[in-house]
Amino acid sequence: MRLFQLFPVFLMLLFVSCEFETANIKYNMGNDFINDPTNVLMIDTLTVKTFTTAIDSFATSQSKRLLAGRYINSLGIETYSEAYFRFDASEIGSLHATSKFDSVVMILQYDGYKLGDTTSLAHFEVFRLTEDIVYDETTLKIYNHQQFEAMPEALGKFTLDLSKSVDTISFKINDELGKELFDYAINQNDTIFDSELFKEYFKGVVIKPTDNTQSLIAGFTANPDSAFAPRIRVYYNDYRPNDDLYMDFPFEKFELYAGSYSSDNSNYCAFSHIVNNYKGSKWEGISFENPISSSETENIAFMQGSNMHSVNIMIPYIDNLYQFGVGSIIKAELHIEPIEETFISKNRLPSMLQINLIDTKYRYYNPLYITGTTDVAYGTLEYDNVFKEKTHYVYDVTNYVKTEFEDFGDPLYTMLMLIPNSSNQLNIDQLIIGDNKHNSNKMKLKIYLTNFNEQL
Amino acid sequence: MIKYSKTIYSICVIVLLVLPTALFSQNNTSSPYSVFGIGDLSNVAYGRNVALGGTGYALRGANFLNLKNPASLTSIDTLSFLFETGVFLKYTQNTSEINRYFPDGNLSHLTFGHRYTPWLMGNYGIMPLSDIGYHFRTIKTTEGEESIIYTDWIGSGGFNKLFYGLGLKISKNFSLGGEAAYIYGPLVQTRKTTALVNPENTTTYYANSRYSGFTFKGGFQFSANLGSKGSNLTLGGVFSPAQQLGGRSIVSIQQSYSSSVAVEVYNKETRADKIYLPMNYGGGASLIWRSKFLLTADYEFAPWSDNNSREYIDQQIFSAGFELLPKSSLKYFERCSYRAGFRYDTGYFKSKGHTIDDMRFSIGAGFPMQKSRSTLNVSIEAGQRGTISSGLIRERYAKLNLAFSLHDYWFVKRKFD
């Protein structure tokens, strides 16, 4: 009987050892069920300072594109470019003594790149160089500000009309040069068959825009392996007047040392001279040492390819976010609008933007990566075909804001926004944007921050 | 005789000492409502009281421990030693968009009661007080922009109660009682917040808290015999002052980025947010009619709205019970008691404009054990809590309670021939 009284104790122990599996059920309670102390705040009132910066020089050699032309943008800044390059000796064998010189042309190919207005004609002239093209012995590069002497009279000239489809451009050049080359060939003169002698004799050419070309900079194919690379073609006939025979002096395939040829980096002596003239614009005086705040330039900043110009974006008071208490950055996004009047269509806008982080002395640190990865974060173009004024770039800058937020004290880095270079393709695209005080095309920084309505 | 009794007692004490924390720490609920207050109450009453709709303010009985009112202790026979324990099995159907079912079960209580002097009785024991177990999602919008954020809440834990009560017999008709209880338990909450503007970067709040605190309860009972034989009226009342449970919390907040980077934004051991238990008072009456049946009703009030949170409302509980009293008979089933009850609880919080009320019916019986005054109390409760309006959850449950009221004589002076 007494043992029976122990029964509850055993039953109790049995229950204690039981595990009732509580199903892992998640209920959707919607809103208003309970006050969730975790908040996400969208803050778009942080100060953003914007500066247009410039670099002193940048290498333009070893590119597969040569640029020539002149373009004055809507800010009154003139970009001027000349294309320098050389030719190799002829690969032709001997000519018959009966051959007769006919004519000489230069052949170029427009590679589709343009900066400026394609509705009006652009005129160019080609000059023979009188000075050897030399690259920097340390870096093996030629820089944008460099120029080399040329003859005062043009070898030839051509006109680009980009309102029509343009591909190969062939234009007559000075017959005297053609005759001379032809005679060397007839006479089996080494000058045109030996590579070194030829470049000594013919130092190369420069393509310059004529004075009245003010609206276009065009790109020309400069890939030595391309059948469309520049060349000088001497036409002659042999027995019959219309034989249409020719010999080519092709675009230089440069070898730094024997066997080093690679089309990716062979253009040691082909480069573009590119300079901006800011005179009369609000950016007069801009330089590497002297970035110009958008507050001095009607709330406008601009970028230009090849890092010629970048926009330095500073968010000096990120630490002010601590006024909201303990919190974390969920997302930070820059919304950048190109100024409507400065672009005509989508393909005139860079398709993406890149941010490099720089320290307070403008020293490069890193590209801005996507948080938690080493993938470069890019700003992407969101083009609005219907409402052009809604066209904008969206840039996820979470990683930057998060890092600066987590680091108390002065900002470690600032952001340098630029137009990324595509590989070996010289690019001087421009992007003119509004800062965060611009009337119609405001730059916006949206920060999504968590905070907690509870005792912490 | 004494030897056996002491054995049982010793076993129980060992169980009490060794097991209490592990014992009650099972996660026995899966209700989003357990996020409020101290969670879901494990049991509204114990033993005989359950079957009577959870009433008890005005119940007295020589062979039962009535945990609702410590003044009732004085009804224990002065020679008795009472040990009561129970288990329950509960089956719940939760209905929101779809039905879900889950079982649970646990020990319901473990108590002892006996006299100290002919006019002072005591009881003590341990019981799980509440269960916390939830997993749900809430939605709201970003401040400053109309974009959605949602939070997944996961909580577990619960509270246990260790109590000591005394009943003081002031006169034949009037008794006072008091109870002090130590309430303790863990509470773990995880909240993972996702903003749709960047769903990969989630924020996780984690708090692991251990709470404890004391509660006090005072009560009285007044009994009077009515004219006819075996008829009796009892009035009872109970009062508990407001209390707060405090504790320590380890709180950490982590911000994840693209699932590969997690930054610890905050990590601190702090004082936990207080859990507020409001003042609570109630009264009841019971009538025994000619030793044949008993009618009882209770009313209870707790002003939860004093809590500084908009979700809380004042709680009212109405309960009533009926019992067919056992007869002195040779037939076993006539020696059993049969009970039925009803209880309505307004609940103490409001969600989406709805009160989460609870209504339950109970039936039960007390089966005496042979050759002793011990009883096996069996009851079944069936009820419903909440509503499916506005996307809320309705819980329908059936619960089987088994409680053993074990009785022994401890204070009999042996006479040897």
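Remember, it's a predicted structure, so these values are computed and weren't measured experimentally. Convention: sequence-line order gives letters A, B, ...; per-chain numbering from 1.
Proximity to chain A (any heavy atom under 4.5 Å) is shown, for B:T142, by both the backbone and the side chain. Residue B:V197 touches chain A through both its backbone and its side chain, counting heavy-atom pairs closer than 4.5 Å. When heavy atoms are compared at a cutoff of 4.5 Å, B:F36 approaches chain A solely by way of its side chain, counted from C-beta outward. With a 4.5 angstrom heavy-atom cutoff, B:K352 touches chain A via backbone and side-chain atoms both. Residue B:T138 touches chain A through both its backbone and its side chain, counting heavy-atom pairs closer than 4.5 Å. Looking at A:I329, the atoms closer than 4.5 Å to chain B (heavy atoms on both sides) sit in the backbone and in the side chain alike. Only the side chain of A:Y448 comes within contact range of chain B, with heavy atoms under 4.5 Å apart. With a threshold of 4.5 angstrom between heavy atoms, B:L392 approaches chain A through its backbone and through its side chain. Heavy atoms of A:N35 lying under 4.5 Å from chain B belong to its backbone as well as its side chain. If you measure heavy-atom distances from A:E333 to chain B, you find no contacts under 4.5 Å at all. Only the side chain of A:T450 comes within contact range of chain B, with heavy atoms under 4.5 Å apart.
Separation of atoms CG (A:D36) and OH (B:Y205) is listed at 11.0 Å; rounding is to 0.5 Å. Within the model, atoms CD1 of A:I330 and OG1 of B:T203 stand 4.0 Å from one another, a figure rounded to the nearest 0.5 Å. We find the CG-CD1 distance between A:D32 and B:I139 to be 11.5 Å, quoted to the nearest 0.5 Å. Atom CG of A:N31 is separated from atom CD1 of B:I149 by 11.5 Å, given to the nearest 0.5 angstrom. Note that the CD atom of B:E143 and the CD1 atom of A:I43 stand 9.0 Å from one another [nearest 0.5 Å]. Considering CE of A:M42 and OG of B:S147, their distance stands at 8.0 Å, rounded to 0.5 Å.
Of the listed residues (B:H354, B:K350, B:E145), the one with the most heavy-atom contacts under 4.5 Å to chain A is B:E145. The most heavy-atom pairs under 4.5 Å with chain A, out of B:G391, B:P32, B:A403, come from B:P32. Contacts with chain A were tallied for B:N198, B:T270, B:N201; B:N198 has the most, counting heavy-atom pairs under 4.5 Å. If you tally non-hydrogen atom pairs under 4.5 Å between each of B:F349, B:Y257, B:W153, B:Y33 and chain A, the highest count goes to B:Y257.
In the displayed structure, A:Q323 atom CD is contacted under 6.0 Å by more than 12 heavy atoms of other residues, nucleotides or ligands. Under a cut-off of 6.0 angstrom, the local environment of CZ in B:R271 is sparse, with at most 12 non-hydrogen atoms contributed by other residues, nucleotides or ligands.
In this structure, B:R191 forms no cation-pi arrangement with A:F452, as its terminal cationic atom is not both closer than 6.0 Å to the ring centre and no more than 45° off the ring axis.
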Requested in this report: Let me see the working for B:R100 and A:Y27 under side-chain contact (heavy atoms from CB on, under 4.5 Å), right down to the final yes or no.
Outcome: CA-CA 10 Å; B:R100 282 137 172 162; A:Y27 294 97; 3.1 Å; yes

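For the pair B:S351 (side chain) and A:F33 (backbone), a donor-acceptor distance under 3.5 Å is present.
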